[in-house]
Novice: 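Okay, here's the structure, questions in a sec.
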Amino acid sequence: MAPRPDGGGRLRPVGVDGEPLGPVEEVDDLAGRVAEWERVAGPRWVWPATAEVYPELLRAGVRVRRCHDLGLAEGLLLGWAGRHGEPRWWGAAWARSRGGPVPADPPAPRREESQPALFEPVAAGTPDVDPVDAMTAVWVDQARRVAGVDRPELMRLLVAAESAGSLAAAEMSHHGLPWRVDVHDALLTELLGPRPAVGARPGRLVELADRIGAAFGGRAVNPDSPAEVVRAFAHDGVAVPSTRSWVLRGVDHPAVEPLLRYKELSRLFSAHGWSWLESWVRGGRFRPEYVVGGVVSGRWASRGGAALQLPRVVRRAVVADPGWVLVVADAAQVEPRVLAALSGDRRFAEVAGEGDLYAGVAAEVFGGDRQRAKVALLSAMYGGTSGGAGPLLAVLRQRFPEAVEFVEAAARAGEEGRMVRSRLGRTSPPPSAGWRAVVEQGADPGAGEVEERQARRVARGWGRFTRNFVVQASAAEWALVLVAVLRGRLAPWAGSAELVFFQHDEVVLHCRREVADRVREEVRAAGVEATRWVFGATPVRFPLGVSVVDCYVDAK
DNA sequence: AACAAATGCGCC
DNA sequence: AAAGGGCGCATTTGTT
């Protein structure tokens, strides 16, 4: 399908090999035609980019079951080939498949002009090519490239899940997260005082700033300025490297307590205060825009409203409509479970059965000390060794050698500048030319100690990235497939149960109270199904904590 | 005045 | 001995 900026477009049914099954249709009401096709056939829509096409369909009241997002698929396939930086929109993909010069960027949509923007790049090169033909060619070419990777069935799943995720993302933005402005406002007033005039600080912050000044002997100190705060501490004979909260917590000075409180409240005020409410909540809904695959690891990013960083306190304002409830599903300890499944470490997989994984590991090797087990595992997955994690990791390795070796191998690959891949085939970007230059300089026989040390540091840094990539990206895939499966399972409940929020390993649904129990079961079943899709017959379990609540803050 | 980097903190 | 993955956003500080 080739949409036009004016709401019309061209489409044509094709078979699985791209062969035409009917004529190209040119319609003025694309949404209406899509709805008809959905009714009679339920096709997989091949289109340029869900984020550009689907929101408008949703506004017209049209949902689709399946799609193939050419841009997202292109990104995955380019990444597989180690060509992460190249343009991934469908026009570039088309040019690439023809061996022609690849246009850098899609033309900006220009609604007013008669020449539809999406047609331009094709028209510019070869005026006689129909965009529907070009898109079909890209789709066929992508299928061919998927078939060429070493586990085509997994890449096929990834491409399908990414597209399904893009549909879910647009639907979540469309539906929105239920948001009670009155509750949020009351919360802000309770913590900060009444809403201040534009440009002014709320009363509670002014009061805390005064206390901070007084604690520094009456000097004027702007608590928002780290440099000033550091100087003020120095003046009182207290050397602090920075004003980070965790640093200040270890400092003995009367200004610390009000400073910490100030930081906390000032962040609430500036990041999720009244102006946030005015910018992002409309008609009782918070509608963030999700960027599917926006993070290298395949996690989603978001644009606007810091949707994926909603602080716990403001979740109090997320309240189901009357007669509705929120079903909040949170996958527990996904990343270590993913590591268990990825590595095939039998003993580790056993402790990654049902229940608390960290406790299981603790019982196995750390004498029941859950905290040490957690530190050891985080260090394995992130590459950190602070807080005495190094020896703990060594203990972990003795008991779970394959699991630890799996992440160590990924780290070595990164240190050597090689790429690594997730379970389904998402590929880490190659390191930059600057990185290679530094690392190679360090390996040079004539290199000095400084260069060697820098090279080692830089190489290890990239190793930490690839070490984490294999786990984080595979975890993101499990969650992506969960969303895709769940979306399918919820289709019969359209209008009574909607996905409204997704955050890495947590989904929130808004549904009528009377269907909540059945929805809860769908969520659980989707978790089991996602595990089977991504990892096959693994003994590892991915338990989902599912709460049915009126308010998001009450989940778990 | 406009832009970029650094700082700090929220989430997973 | 030290060494910690991925983001978005607001504010301050430094540069042009």
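Chain letters run A, B, ... following the sequence lines, proteins first, then strands; residues in each count from 1.
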Novice: From CH2 of A:Trp280 over to P of B:dG10, roughly how many Å is that when rounded to an integer?
Specialist: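 Rounding to the nearest Å, CH2 of A:Trp280 and P of B:dG10 are 21 Å apart.
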Novice: Which is true for A:Arg315 with a 4.0 Å heavy-atom rule: it touches a base, it touches only sugar-phosphate, or it touches nothing?
Specialist: sugar-phosphate
Novice: Considering just the side-chain nitrogens and oxygens of A:Thr243, establish if one lies under 4.0 Å of OP1 or OP2 belonging to B:dG8.
Specialist: yes
Novice: To the nearest Å, give me how far apart CG (A:Asp224) and C1' (B:dG8) are.
Specialist: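 Taking atom C1' of B:dG8 as the reference, CG of A:Asp224 is at 11 Å.
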Novice: Would you mind classifying the nucleic acid contact of A:Arg303 as base, sugar-phosphate or nothing, using non-hydrogen atoms under 4.0 angstrom?
Specialist: sugar-phosphate
Novice: What integer distance in Å separates A:His272:NE2 from B:dG10:P?
Specialist: 11 Å
Novice: Are A:Lys263 and B:dC9 close enough that a side-chain N or O sits under 4.0 Å from OP1 or OP2?
Specialist: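 Indeed, a polar side-chain atom of A:Lys263 lies that close.
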Novice: When you measure from the side-chain N and O atoms of A:Arg464 to the phosphate of C:dG5, is any distance below 4.0 Å, counting only OP1 and OP2?
Specialist: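 For C:dG5, OP1/OP2 do have a side-chain N/O of A:Arg464 under 4.0 Å.
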Novice: Base, sugar-phosphate, or nothing for A:Arg267, non-hydrogen atoms under 4.0 angstrom?
Specialist: base
Novice: Would you say A:Ser173 and A:Arg287 are linked by a side-chain donor-acceptor pair, where the criterion is simply a distance under 3.5 Å?
Specialist: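 No - no donor-acceptor pair under 3.5 Å links their side chains.
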Novice: What contact category does A:Ser270 fall into here, base, sugar-phosphate, or nothing, at under 4.0 angstrom with non-hydrogen atoms?
Specialist: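 Contact class for A:Ser270: sugar-phosphate only.
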Novice: Taking any heavy-atom pair under 4.0 Å as a contact, classify A:Val334: base, sugar-phosphate, or nothing.
Specialist: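 A:Val334: no heavy atom of the nucleic acid under 4.0 Å.
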Novice: If only side-chain N and O atoms of A:Ser245 are considered, is one of them under 4.0 Å from the OP1 or OP2 phosphate oxygen of B:dC9?
Specialist: yes
Novice: Looking only at side chains, do A:Tyr358 and A:Arg372 share a donor and an acceptor under 3.5 Å apart?
Specialist: no
Novice: If you measure from the P atom in B:dC9 to the same atom in C:dA2, how many Å do you get, rounded?
Specialist: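 Between the two P atoms, the distance is 23 Å.
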Novice: Taking the six-membered ring for Trp and the full ring for Phe, Tyr or His, determine whether the centres of A:Trp276 and A:Phe286 are under 6.0 Å apart.
Specialist: yes
Novice: C:dG5 P sits how many Å from A:Met381 CE, rounded?
Specialist: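 Answer to the nearest Å: 13 Å.
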Novice: When you check the phosphate oxygens OP1 and OP2 of C:dT13, does a side-chain N or O of A:Ser225 lie under 4.0 Å from one of them?
Specialist: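 It does, given that an N or O in the side chain of A:Ser225 lies less than 4.0 Å from OP1 or OP2 of C:dT13.
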Novice: Are A:His253 and A:Phe216, when compared by the centres of their aromatic rings, separated by less than 6.0 Å?
Specialist: yes
